[in-house]
Amino acid sequence: AAMTVQENLRGLAQISEKSGRITYNWGPVWDNMTNERRLRFVRAAADTDACLTGAARDIRFYSNGRLVGVADPTHGIRLID
C-alpha cells in the first residue's frame with residue numbers, strides 16, 4: 001500500500017533525494033488545496049517514506065520554489081505559511 005501511495009504522490013510532485021534529505025516539489029495541485037488537505041498530503045508523504053525506509057527522515061516540501069512544509073524526525077510535520 002505504501003508503494004502505491006508513493007507512486008501516486010510522484011504524479012503530483014517531483015521527488016528527489018540528496019545527502020539524506022528528501023525534497024518534494026509540488027506541481028500546480030498544491031495551489032488549489034486547502035491547508036487541511038495540504039497537511040494530509042505532507043503527512044501521507046512522510047508516513048509513506050518512513051514505512052518504506054524503516055525510519056522517519058528529513059523531508060522538505062516546496063511549491064513554486066517556496067518552502068511550504070517540513071517533516072522532521074525530531075520536530076514532526078508542519079506547514080510553513
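It should be emphasised that the depicted structure is a prediction, and the values quoted were computed from it without experimental measurement. The first residue of the sequence shown is numbered 1, and numbering continues consecutively from there.
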Trainee: Work out which heavy atom in Ala46 is nearest to a heavy atom in Ile59; give both atom names and the distance.
Mentor: CA-CD1, 3.8 Å
Trainee: Please tell me whether Met33 and Val70 are part of a single hydrophobic cluster in this structure, the criterion being side-chain heavy atoms less than 4.5 Å apart.
Mentor: no
Trainee: What pair of heavy atoms forms the shortest contact from Asp31 to Ser63, and how long is it?
Mentor: OD1-OG, 3.6 Å
Trainee: How close do Trp30 and Val68 get, counting heavy atoms only, and between which atoms?
Mentor: CZ2-CG2, 3.4 Å
Trainee: Taking all non-hydrogen atoms of both residues, which atom of Arg66 and which atom of Ile80 are closest, and how far apart?
Mentor: NH1-O, 4.0 Å
Trainee: Would you give me the side-chain donor-acceptor pairs under 3.5 Å for residues 10-28, sequence neighbours excluded?
Mentor:
{"residue": "Glu17", "atom": "OE2", "partner": "Arg57", "partner atom": "NH1", "Å": "3.1"}
{"residue": "Arg21", "atom": "NE", "partner": "Asp58", "partner atom": "OD2", "Å": "2.7"}
{"residue": "Arg21", "atom": "NH2", "partner": "Asp58", "partner atom": "OD2", "Å": "2.9"}

Trainee: Are Ile77 and Val5 in one and the same hydrophobic cluster, where Ile, Leu, Val, Met, Phe, Trp and Tyr link if side-chain heavy atoms are under 4.5 Å apart?
Mentor: yes
Trainee: List for me each residue that meets side chain to side chain donor-acceptor pair (under 3.5 Å) alongside Glu7, sequence neighbours excluded, and say none if there are none.
Mentor: none
Trainee: Only counting residues at least two apart or in another chain, list the ones meeting side chain to side chain donor-acceptor pair (under 3.5 Å) with Asp72.
Mentor: His75
Trainee: Do the non-hydrogen side-chain atoms of Gln6 and Leu52 ever get within less than 4.5 Å of each other?
Mentor: yes
Trainee: Give the minimum heavy-atom separation between Thr48 and Ala2, together with the two atoms involved.
Mentor: CG2-O, 3.1 Å
Trainee: Just how far is it from atom CG of Leu79 to atom CZ of Phe41, taken to the nearest 0.5 Å?
Mentor: 12.5 Å
Trainee: How far does CG of Asn35 sit from CZ of Arg40, to the nearest 0.5 angstrom?
Mentor: 11.5 Å
